[in-house]
Amino acid sequence: MSPSTHADLAAAQQRRGYWLRTLHQWHWISAALSLVVLLLFTVTGITLNHAAQIEAEPSVSSRNGTLPASVLKSLQGETASDAPLPNGVRRWLDSELGIRIDERAAEWSDGEVYVSLPRPGGDAWLAIDRDSGGVEYELTTRGTIAWLNDLHKGRNTGPVWRWFIDIFAIACLLFALTGLWLLQLHARQRGATWPLVAAGLAVPVVLVILFMH
């Protein structure tokens, strides 16, 4: 073997070793970042697929109260049709009834303020009579599985959780791409690599063609 050929082989081995080390590092980092949530999304994927068979008994609770006159004043007068509740009203609801509204948009009419409060695994609403100050609140919950299913879908979870899902998806994408690259680097020593990858693509394609109409 000529010196130049030996040098080329050594350089190729160095490059392969560098990429193996780099890919393994990114592969385990992305795996560690996504592992727990990937387990959650795997389990909830099964529960979502069998949602009709998993019965959930809704639980409904309600709270009632009356705004004091000093707080009720802030609900008088003209207000934008989608304005949030005034700070004083929100503080009173939180301290007296344990209802946290934040700055959610409210629906204002002549005699009532209504706030829709959807949430993962349930629903809620609040209505305040603008004349009497009467407060009516109702909360419906559908259990832990429904809550986890809604986390999976990002339903009524707010922008922070949706951003988290996007970041988690990027980590999973990195995990898959580095895994695919590692498969390519090890394919020579593992003859079943590409047939298995092809099967992983062919099976869902065949199922879609044959069973989805």
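Please read these numbers as outputs of a predicted model, since none were measured by experiment. Counting from 1, the numbers follow the sequence of the chain as shown.
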Run the side-chain contact (heavy atoms from CB on, under 4.5 Å) check on V89 and S74 step by step: do they pass? CA-CA 8 Å; V89 176; S74 62; 3.4 Å; yes
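- Side-chain contact between L185 and L23: present, with at least one pair of heavy atoms (C-beta onward) separated by less than 4.5 Å.
- In this structure, the separation between CG on L48 and CG on L148 is 9.5 Å, given to the nearest 0.5 Å.
- D94 has no carboxylate O lying under 4.0 Å from a charged side-chain N of R91, or vice versa, which leaves the two without a salt bridge.
- Put simply, CG on L38 and CG on L33 are 12.0 Å apart, with the number rounded to the nearest 0.5 Å.
- Here CD of E57 is found 12.5 Å from CZ of R142. Values are rounded to the nearest 0.5 Å.
- Nearest heavy-atom pair across P195 and G191 is CD-O, 3.6 Å.
- Dense packing is recorded around CD of Q76, with more than 12 heavy atoms of other residues, nucleotides or ligands lying under 6.0 Å away.
- L174 contributes atom CG, which lies 8.5 Å from atom OG of S34 (distance to the nearest 0.5 angstrom).
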List the steps, then state whether side-chain contact (heavy atoms from CB on, under 4.5 Å) holds for L93 with Y137. CA-CA 10 Å; L93 290 170; Y137 172 78; over 6 Å; no
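- No side-chain heavy atom of P120 sits under 4.5 Å from any side-chain heavy atom of K153.
- A heavy-atom distance below 4.5 Å is not found between the side chains of L151 and F41.
- Surrounding CH2 of W108 are more than 12 heavy atoms belonging to other residues, nucleotides or ligands, all under 6.0 Å away.
- With R90 contributing its side chain and D102 its backbone, the two residues share a donor-acceptor pair below 3.5 Å.
- Ring planes of W161 and F164: tilted class, angle from 30 to 60°.
- Taking hydrophobic clusters as Ile, Leu, Val, Met, Phe, Trp and Tyr residues chained together by side-chain heavy-atom distances below 4.5 Å, I165 shares a cluster with V37.
- Inter-residue side-chain proximity for M212 and L207 is flagged as unmet; no heavy-atom pair is nearer than 4.5 Å.
- Shortest non-hydrogen contact noted between T140 and P58 is CG2-CB, 4.1 Å.
- Sorted by first and then second residue, the ring-ring contact (aromatic ring centres under 6.0 Å, His included) pairs with a member in residues 44-70 form an empty list; sequence neighbours excluded.
- Grouping the Ile, Leu, Val, Met, Phe, Trp and Tyr side chains by contacts below 4.5 angstrom, directly or via other members, places L117 apart from W147.
- Shortest non-hydrogen contact noted between W92 and L67 is CE3-CD2, 3.3 Å.
- Shown here is W28, whose CH2 atom has no more than 12 heavy atoms of other residues, nucleotides or ligands within 6.0 Å.
- Cluster membership for W26 and L173, using ILVMFWY side-chain heavy atoms within less than 4.5 angstrom, is not shared.
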Can you list the steps and then say if L72 with D131 is a side-chain contact (heavy atoms from CB on, under 4.5 Å)? CA-CA 8 Å; L72 180 59; D131 297 320; over 6 Å; no
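- In terms of heavy-atom proximity, Y114 sits nearest to S116 at CE2-N, 3.9 Å.
- Of the inter-residue distances, the one linking C172 atom SG with L177 atom CG reads 11.0 Å to the nearest 0.5 angstrom.
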Full working for side chain to side chain donor-acceptor pair (under 3.5 Å) between N149 and T47: CA-CA 7 Å; N149 286 346; T47 58; 2.6 Å; yes
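- Residues R63 and I99 have side chains in contact (heavy-atom distance under 4.5 Å, counting atoms from C-beta outward).
- L139 places none of its side-chain heavy atoms less than 4.5 Å from the side chain of W125.
- Transitive grouping of hydrophobic side chains (ILVMFWY, heavy atoms separated by less than 4.5 Å) keeps F175 and L39 in distinct clusters.
- Inter-residue side-chain proximity for I29 and Q25 is flagged as met; some heavy-atom pair is nearer than 4.5 Å.
- Of all the heavy atoms in L75 and P86, the pair that sits closest is CD2-CD, 3.8 Å.
- Here CZ of R162 is found 5.5 Å from OG1 of T157. Values are rounded to the nearest 0.5 Å.
- Other residues, nucleotides and ligands contribute at most 12 non-hydrogen atoms within 6.0 Å of the CD1 atom of I145.
- Inter-residue side-chain proximity for L126 and L85 is flagged as met; some heavy-atom pair is nearer than 4.5 Å.
- Between S132 and D129, the closest heavy-atom pair is N-OD1, 3.0 Å.
- V43 and V36 are members of different hydrophobic clusters when ILVMFWY side chains are connected at heavy-atom separations under 4.5 Å.
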Test side-chain contact (heavy atoms from CB on, under 4.5 Å) on W181 and H27 and set out the steps. CA-CA 10 Å; W181 201 338; H27 195 62; over 6 Å; no
